[in-house]
Protein chains: 2
Amino acid sequence: MVPLYILGLLKRYGPQHGYRIKKTIADMLSDFTHIKLPTIYYHLSKMAADGLLSAISEKPGARPEKTVYSLTDKGAAACRRLLSELLAAEYRPAFDNDAIFYFAEHFRPAELAAYLQSYAGKLGPMLDIINAHREETLRHVPDDAKPMVHILFRHHELHFQAELAWARDALRMLQK
Amino acid sequence: MVPLYILGLLKRYGPQHGYRIKKTIADMLSDFTHIKLPTIYYHLSKMAADGLLSAISEKPGARPEKTVYSLTDKGAAACRRLLSELLAAEYRPAFDNDAIFYFAEHFRPAELAAYLQSYAGKLGPMLDIINAHREETLRHVPDDAKPMVHILFRHHELHFQAELAWARDALRMLQK
DNA sequence: AATATTATACTCAGTCCTGACTATTTGTCA
DNA sequence: TGACAAATAGTCAGGACTGAGTATAATATT
């Protein structure tokens, strides 16, 4: 995913350096991906070495050099290829907290119930945050992009709701 | 997650070597985690070096050595600690296919619709497979473990349903 | 009885990821 | 104007993950 996000952002917003890409991701995509700054620099170097990006070092008036990366034709092709590969990908989730129940013998039933209770209690507020982010994003996006914003946030909303429904279901199953 | 699964399985089923742990995970946990064999060996070595496991090389009649790992007291403590850390973890999903819609400018609307249609078409059969696995698992598990099996599979069922609901919603949003 | 296939058991090199760190520049508030 | 915080720009060492490979044993097939 990291290379795709980098290539896509360079395509959309033009030549940039690593820190600006990180900032875009942190500002606009924090709900959708959790890429860290050194990961971005890693892939920028790698893709430059592979010829997907061209790197130009700038030395503006003040000293520290920055490296500005821009998309090559090969990079644009790689972006298209990565996107089309996604179309064939399957949904195959894995949830860390499943281990709690797979190893349920390590807990007393009351501990499991307390966990689910507190977990469910956190999910409601998280849903509110998601929806606040959606409103915020809609305010900063051109009209023709709004349907996509809705689709993206709806995706997360539905899975947060599923997680909440699960916590409540599980609580009921434990008490039965 | 990998160390926790290894420690938990060693605790429950006693001393084992890497291949058997992998087999248990592949046979019983394939819906819940996707750990590969070299990853298991990596963590076995590491945890042995850290004193969480003790390793004993066996040379049974036939030649090839196997290394049997068993839990030390320190390993049992680590298992408890990892499990209790999970109780505090938050739900923070990321979906690869979100990139399709974040970079929707690369697709024609009809391509996006075709993707969602085919994606939704795959999710139904996957749900059936999940539920078949649940039945199969219930048949091989003692009565007192059955509620946990239901909780685990319900978790995945709900998220597959959420994914399906999203695909259909998104299709509607595109057509509007 | 010879051969093929599958299961068992493990290793290695290469890739990816990130916490912790360095260093400069630009506010900003007293 | 001096000093402290925040933003900008990046590096590095170390840990985690896995595709591809090695090698033997057991089982099936012909």
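Everything numeric here is computed off the predicted structure, so don't read it as measured data.
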(message) In this structure, which stretches of DNA chain D are paired as stems of three or more consecutive Watson-Crick or G-U pairs, both distances less than 3.5 Å?
(response) C:1-30 with D:1-30
(request) Taking only Lys NZ, Arg NE, NH1 and NH2, and the carboxylate oxygens of Asp or Glu, determine whether B/Arg81 and B/Glu85 approach each other closer than 4.0 Å. (result) yes
(message) Please report the distance, rounded to the nearest Å, between NZ in A/Lys46 and P in C/dG14.
(response) 13 Å
(message) Going by the rule ring pair (Phe, Tyr, Trp, His ring centres under 6.0 Å), which residues pair with B/His159 if we only count those two or more places apart in sequence or in a different chain?
(response) A/Phe95, A/His159, B/Tyr91, B/His155
(request) Can you run down the salt bridge (Lys or Arg N to Asp or Glu O under 4.0 Å) pairs that involve residues 110-127 of chain B, sequence neighbours left out, and say none if there aren't any? (result) B/Arg108-B/Glu111
(message) If only side-chain N and O atoms count, and only distance matters, is there a donor-acceptor pair under 3.5 Å linking B/Asp169 with A/His150?
(response) no
(request) Take the protein atom CG of B/Leu44 and the nucleotide atom C1' of D/dA16, then report the distance between them rounded to whole Å. (result) 14 Å
(request) Using side-chain contact (heavy atoms from CB on, under 4.5 Å) as the criterion, list what pairs up with B/Pro147, not counting sequence neighbours. (result) none
(request) Step through the shown structure and confirm whether more than 12 heavy atoms of other residues, nucleotides or ligands are within 6.0 Å of CG on A/Asp73. (result) no
(message) Rounded at 0.5 Å granularity, tell me how far CG in B/Leu9 sits from NZ in B/Lys23.
(response) 13.5 Å
(request) List in numerical order all residues of residues 85-100 of chain A for which some heavy atom is under 4.0 Å away from an atom belonging to DNA chain D. (result) none
(request) For A/Asp27 and D/dT8, give me the distance from atom CG to atom C1', rounded to whole Å. (result) 13 Å
(request) Round to the nearest Å and state the distance from A/Tyr41 atom OH to C/dC21 atom C1'. (result) 14 Å
Could you list all N or O pairs between the protein and nucleotides 6-8 of chain C that sit under 3.5 Å apart?
from: C/dT8; atom 1: OP2; to: B/Tyr19; atom 2: OH; distance (Å): 3.2

(message) With a cut-off of less than 4.0 Å, is there a side-chain N or O of A/His43 near OP1 or OP2 of C/dC17?
(response) yes
(request) Under the salt bridge (Lys or Arg N to Asp or Glu O under 4.0 Å) rule, collect the residues that match up with B/Arg168, sequence neighbours excluded. (result) none
(message) Test of understanding: with ring pair (Phe, Tyr, Trp, His ring centres under 6.0 Å), list the residues that count as partners of B/Phe153, not counting sequence neighbours.
(response) B/Phe32
(request) Taking salt bridge (Lys or Arg N to Asp or Glu O under 4.0 Å) as the test, write out the residues that go with B/Lys74, two or more places apart. (result) none
(request) Identify, with sequence neighbours excluded, every residue that meets ring pair (Phe, Tyr, Trp, His ring centres under 6.0 Å) alongside B/Phe101. (result) B/Trp166
(message) From CE of A/Met1 over to C1' of C/dC17, roughly how many Å is that when rounded to an integer?
(response) 15 Å
(request) Would you please confirm or rule out a distance under 4.0 Å between OP1 or OP2 of C/dA9 and any side-chain N or O of B/Thr67? (result) no
Strictly under 3.5 Å: I want the nitrogen or oxygen pairs between protein and nucleotides 18-20 of chain D, one per line.
from: D/dT18; atom 1: OP2; to: B/Thr39; atom 2: OG1; distance (Å): 3.0

(request) Go through the structure and list residues passing ring pair (Phe, Tyr, Trp, His ring centres under 6.0 Å) with B/Tyr5, not counting sequence neighbours. (result) A/Phe103
(request) Considering only NZ, NE, NH1 and NH2 on the basic side and carboxylate oxygens on the acidic side, decide whether A/Glu105 and B/Lys11 come within less than 4.0 Å. (result) no
(message) Classify A/Lys22 by what it touches in the nucleic acid, base, sugar-phosphate, or nothing, heavy-atom distance under 4.0 Å.
(response) nothing
